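The structure appears below as structure tokens.
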Amino acid sequence: MTETSHGPLPQKAIVTLSDTDLNDGLTALRWRLRELVMEGVCLVVVDVSDLGQISSTLLAELLDTHRTCRRRGGGVVIRHASRKMTDVLRRTGLDKVFDVEAA
């Protein structure tokens, strides 16, 4: 008989983004995401329901976080993406990288 040991469940964090959060740039978000990853989070859920559009700079930050989380068996989920955001992610092929949950 083989014994299987199960580790703790993957740590998950939910980050809510809005246009006002990003008006001052992505520096605060960049540090927050890195802090989460250093704390051991391997699944980051990003709620974009209050975000008008998704920028290439934001996508680059999310990709960086995704790469780190994938090494730990997790990833990044983009939650409540508008139709416009979903179209951008599909055109860029990032809908195959991120788990995307439409609004």
Side-chain angles (χ1 to χ4, degrees):
M1 187 162 140
T2 309
E3 214 175 295
T4 306
S5 70
H6 297 284
L9 292 174
Q11 288 190 355
K12 173 177 156 182
I14 299 174
V15 178
T16 303
L17 297 179
S18 68
D19 289 326
T20 54
D21 295 331
L22 301 179
N23 282 343
D24 297 330
L26 293 172
T27 304
L29 175 63
R30 179 179 298 127
W31 284 106
R32 179 66 183 134
L33 291 173
R34 288 189 179 146
E35 180 181 294
L36 290 171
V37 169
M38 291 191 66
E39 290 173 357
V41 170
C42 62
L43 179 63
V44 178
V45 179
V46 182
D47 185 334
V48 294
S49 57
D50 293 331
L51 195 61
Q53 62 183 359
I54 196 161
S55 69
S56 58
T57 311
L58 173 57
L59 286 172
E61 287 303 320
L62 295 178
L63 275 170
D64 186 46
T65 302
H66 180 75
R67 282 186 206 106
T68 304
C69 290
R70 286 300 291 171
R71 280 179 261 177
R72 297 179 182 168
V76 171
V77 176
I78 299 177
R79 180 174 285 168
H80 300 140
S82 67
R83 182 179 175 106
K84 183 178 178 181
M85 279 185 218
T86 304
D87 288 343
V88 168
L89 293 168
R90 189 177 23 227
R91 280 190 310 237
T92 59
L94 292 173
D95 63 328
K96 300 199 180 2
V97 175
F98 300 117
D99 289 329
V100 180
E101 300 174 0

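We're numbering straight along the sequence, starting at 1. These numbers were taken from a predicted model, which means no experiment stands behind them.
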Roughly how far, to the nearest 0.5 Å, is OG1 of T16 from CZ of R79? 9.0 Å
For Q11 versus E39, what's the shortest heavy-atom pair and its separation? OE1-O, 3.3 Å
Apply side-chain contact (heavy atoms from CB on, under 4.5 Å) to residues I78 and T86 and explain how you reach the verdict. CA-CA 10 Å; I78 299 177; T86 304; over 6 Å; no
R72 atom CZ, over 12 foreign heavy atoms within 6.0 Å: yes
Should V88 and L94 count as side-chain neighbours, where that means a heavy-atom distance under 4.5 Å? no
Find the distance between CZ (R67) and OG1 (T65) and round it off to the nearest 0.5 Å. 9.5 Å
In this structure, which one of L33, I14, T68 forms a side-chain contact (heavy atoms from CB on, under 4.5 Å) with V44? L33
Can I get a per-line list of side-chain donor-acceptor pairs under 3.5 Å for residues 48-55, giving both atom names and the distance, sequence neighbours left out?
unit_1	atom_1	unit_2	atom_2	d
S49	OG	D47	OD1	2.7
S55	OG	L58	N	3.1

Sequence neighbours excluded, every pair satisfying ring-ring contact (aromatic ring centres under 6.0 Å, His included) that has a member inside residues 30-54: none
At their closest point, which heavy atom of R32 faces which heavy atom of E35, and how far apart are they? NH1-OE2, 2.6 Å
Taking C-beta and beyond as the side chain, do M85 and V100 meet within less than 4.5 Å on heavy atoms? no
Nearest heavy-atom pair of C69 and C42: which atoms, and what distance? CB-O, 3.2 Å
Distance in Å, R30 CZ paired with D64 CG, rounded so as to fall on 0.5 Å steps: 9.0 Å
With F98 as reference, evaluate L62, V46, V77 under the side-chain contact (heavy atoms from CB on, under 4.5 Å) test and give the passing residue. L62
How many angstroms lie between atom OG1 of T27 and atom CD of E61, to the nearest 0.5 angstrom? 8.5 Å
Short N-O contact, R90 and D87, less than 4.0 angstrom: yes
Would you say that L36 contacts V15 through its side chain, given a criterion of any heavy-atom pair below 4.5 Å between the two side chains? yes
Would you say that V76 contacts V97 through its side chain, given a criterion of any heavy-atom pair below 4.5 Å between the two side chains? no
